[in-house]
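Remember, it's a predicted structure, so these values are computed and weren't measured experimentally. Naming: A, B, ... by sequence-line order, numbering from 1 per chain.
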Amino acid sequence: MSGLNRFLIEDVEVPLVAVLADLEDAGYRVDVPHFEQLSQVLETELNEVVAQLRDHAGADFNPNSHDQVRTFLFETLKLPPLKETAQRSASTDQETLEALKAAHPAVPLLSRFRALTKLHGTYCKVPTQLDDDGRYHPVFDQLGAETGRISSKGIIQTIPKHDAYGIRRGFIADPGHQIVAADFVQRELCVLAGVSGDPVLQQAILNGVDLHGLAAVKVFSLDCAPQDVKAQRPAERDRVKAIQFGIIYGQSAAGLASTLDLTLDEANQLLDHYFAQFPDVRGFINDVHQRVCRDGFIDDLFGRRRYLPDAQLARSRRKNERMSGSERDLVRRYKAAQRAAQNFVIQGASATITKLAMLRCHRHLCAEHPRIRFLLTLHDELHFEVPDDEVQHFVSELPDLMCRLDLERFGFTLPLTAEVKAGPSWGALRPVAPQG
DNA sequence: GGAACACGCGCC
DNA sequence: AAAGGGCGCGTGTTCC
C-alpha cells in the first residue's frame, strides 16, 4: 500500500473494506422492462440511421469502424481534418463531427449513430449483468485509482446523466422504499479554498455564497451580487467556472483557450485577471509544482502520496533551447506530471473526504437504521435505499453525517455542505428541502 | 483464438 | 499538435 500513511491505512482504507463489501452485497435494483423497452426504441432508431448512412457511404459501410469513417469523411467527401489522434491519423471524434456537421448530411448522422450505439451497446446491457436477485452488484476497487478515488468494475459510475431516454430511471428502489442520494456542494472548490488558504474563497464558503458567481464578480468587476451572477451575467460566470474547473484539473492556458474558444493570449490574460484576485491559489499551485519537481512525489492534505517521477525529467532545461523530438516528449511528460500533481492534491483530498463520510454513514446505519441499505458511491455522491417511513428522518440526518467529519485535526476548518434528493429511482430524484 | 492496442466516449 | 485530471467499456483492428 505505497503512498499511504498510518492514518489512511488504519482509519480509512482498512475499515472501508467492510463498507464496500456491504455496498457490493446490497446492489442496486434494476427495472428490467425499462431497459428492454429502451433497447427496442434504440434499435429502431439505429436501423434507420445506419440505412441513411449507407445511402451516403455505401452498402457495406460500417460506421463503427474508425478506419472506414475516416476514409469516408476525409477521402470520399474530402472534408478538412480538424485534429489528429495520438497516432497521427485524422481524428473523427465528436468535436470534429460538430465542426463539420453542416458540410454534409452524413456528418450529423454519424454523431447520432455514435450517441445511439453508446446507449444501446453499453448501457442497455445492464439487465444481462444482474445477479439472481435482479440487482446490479457493483465491484469496487478502493485502490484502483492513483488519486485515492474508488473505482468500480463495470458501468455503474458512468451511467449517463443527460440522455434523452432516461437510463437512470432504470435504477429503482424496492417497493415501499425510496432512493435517497446526497452530493457534496462544490466540494473540489472548497478543498481548493481550504488547502490554498485563500481568504476570499474561504469567506465566501462561510457565507454560503456561489463561488463561481463570486469569482466572476471579482475577476470582471461586475456590479451585481454573487448570487445574481448566474441570472444576470451567465457568460462571465461560465468563463470563471471554466477557469476554476481548469485549476482543479491542472489545465493549461492552451486548454482553457480551447474550451472557451479564445486565443492563447486571451486565455493567458483571463488567467492573470483570475490569479490577481486569488493570489493564494496561484501561490499554492506554484508550490505544488515546485515540490513535485523537487521530490518526484506529492502529498495531499491527508498525507496520501502520489509518485510522479516524470516531474523530475526536465529539471535542468533552459528555455529557448532547441528541442529534439525525444526532448519534446520529455517536456510533454514533465508537464503532464505537473498537471497530475495539481489535480491530485484536490482530487486526492476530496476522495478521502468521501471515504470518511462513507465510514460515518455506514457506522450510523449499523447502529441506528438496519433497514436502510447503503447502495453506491459516485465520487462526491452517496446513494441509499430507505424504507418509506424512515425517509423523512434519514434525510434530516444525512447532511451532518456526511459533512461533520472533524477535519480540523488536519488543518481543514471550512464547513462542507451536502444536498439531499429523494425519489423512486435514480432518474427521478427531487431535492429535499433543507431543515431549518 | 485470444491478447493488446487504438479510438471514442460515458461519469465525477 | 495538443490542448484537461481520474476512471472503465465497446468495437474494430492487428499481432502473436
Polar atom pairs (N or O), protein with nucleotides 9-12 of chain B, under 3.5 Å:
{"unit_1": "dC9(B)", "atom_1": "OP1", "unit_2": "R114(A)", "atom_2": "NH1", "d": "3.3"}
{"unit_1": "dC9(B)", "atom_1": "OP2", "unit_2": "Q94(A)", "atom_2": "N", "d": "3.0"}
{"unit_1": "dC9(B)", "atom_1": "O2", "unit_2": "K118(A)", "atom_2": "NZ", "d": "2.8"}
{"unit_1": "dG10(B)", "atom_1": "O4'", "unit_2": "Y123(A)", "atom_2": "OH", "d": "3.3"}
{"unit_1": "dC11(B)", "atom_1": "OP1", "unit_2": "K161(A)", "atom_2": "N", "d": "2.6"}
{"unit_1": "dC11(B)", "atom_1": "O3'", "unit_2": "R168(A)", "atom_2": "NH2", "d": "3.3"}
{"unit_1": "dC12(B)", "atom_1": "O3'", "unit_2": "L378(A)", "atom_2": "O", "d": "3.3"}
{"unit_1": "dC12(B)", "atom_1": "O3'", "unit_2": "D380(A)", "atom_2": "N", "d": "3.4"}
{"unit_1": "dC12(B)", "atom_1": "O3'", "unit_2": "D380(A)", "atom_2": "OD1", "d": "2.9"}
{"unit_1": "dC12(B)", "atom_1": "O2", "unit_2": "R149(A)", "atom_2": "NH1", "d": "2.6"}
{"unit_1": "dC12(B)", "atom_1": "O2", "unit_2": "R149(A)", "atom_2": "NH2", "d": "2.8"}

Residue pairs involving residues 119-137 of chain A (criterion salt bridge (Lys or Arg N to Asp or Glu O under 4.0 Å); sequence neighbours excluded): R135(A)-D174(A), R135(A)-E385(A)
Touch class at under 4.0 angstrom, heavy-atom based, for T122(A) against every strand present: sugar-phosphate
Of residues 131-141 of chain A, the positions that come close to DNA chain B - non-hydrogen atoms, cut-off under 4.0 Å: none
Distance-only donor-acceptor check, side chains T96(A) and R70(A), under 3.5 Å: no
Atom-pair distance (CZ on F245(A); P on dG6(C)), nearest Å: 17 Å
Strand-adjacent residues in residues 47-66 of chain A, judged by heavy atoms under 4.0 Å from DNA chain C: N62(A), N64(A), S65(A)
Pairs where residues 80-94 of chain A contributes a residue and the test salt bridge (Lys or Arg N to Asp or Glu O under 4.0 Å) is met, not counting sequence neighbours: K83(A)-D93(A), K83(A)-E95(A)
Nearest-Å distance for atom pair CD/C1', residues Q338(A) and dG5(C): 14 Å
Q37(A) atom CD: more than 12 heavy-atom contacts under 6.0 Å: no
Touch class at under 4.0 angstrom, heavy-atom based, for K125(A) against every strand present: sugar-phosphate
Interatomic distance where OH belongs to Y334(A) and C1' belongs to dA2(C) [whole Å]: 18 Å
Sugar-phosphate, base or nothing in reach of E146(A), heavy atoms under 4.0 Å: sugar-phosphate
Within residues 68-80 of chain A, residues whose heavy atoms come under 4.0 Å of DNA chain B: none
Positions of residues 262-290 of chain A (non-hydrogen atom under 4.0 Å from DNA chain B), listed by number: none
Pairs flagged by ring-ring contact (aromatic ring centres under 6.0 Å, His included) wherever residues 266-306 of chain A is involved - sequence neighbours left out: Y274(A)-F278(A), F297(A)-Y307(A), F302(A)-F410(A)
Heavy-atom pair of closest approach, residues F171(A) and I167(A): CD1-O, 4.0 Å
For H56(A), ring-ring contact (aromatic ring centres under 6.0 Å, His included) partners two or more places apart: H104(A)
Protein-nucleotide distance (E84(A), atom CD; dC7(B), atom P), rounded to Å: 11 Å
Nearest-angstrom distance from the residue atom CG of L116(A) to C1' of dT11(C): 16 Å
Each nucleotide N or O in nucleotides 14-16 of chain C that has a protein N or O under 3.5 Å away: list the pair and distance.
none

Spacing of H120(A) atom NE2 relative to dG10(C) atom P, expressed in whole Å: 13 Å
Selection residues 16-27 of chain A - residue pairs positive for side chain to side chain donor-acceptor pair (under 3.5 Å), sequence neighbours left out: D22(A)-H362(A)
Can you list, pair by pair, the side-chain donor-acceptor contacts under 3.5 Å of residues 254-262 of chain A, counting residues two or more places apart and other chains?
{"unit_1": "T259(A)", "atom_1": "OG1", "unit_2": "G255(A)", "atom_2": "O", "d": "3.3"}
{"unit_1": "T259(A)", "atom_1": "OG1", "unit_2": "L256(A)", "atom_2": "O", "d": "3.0"}

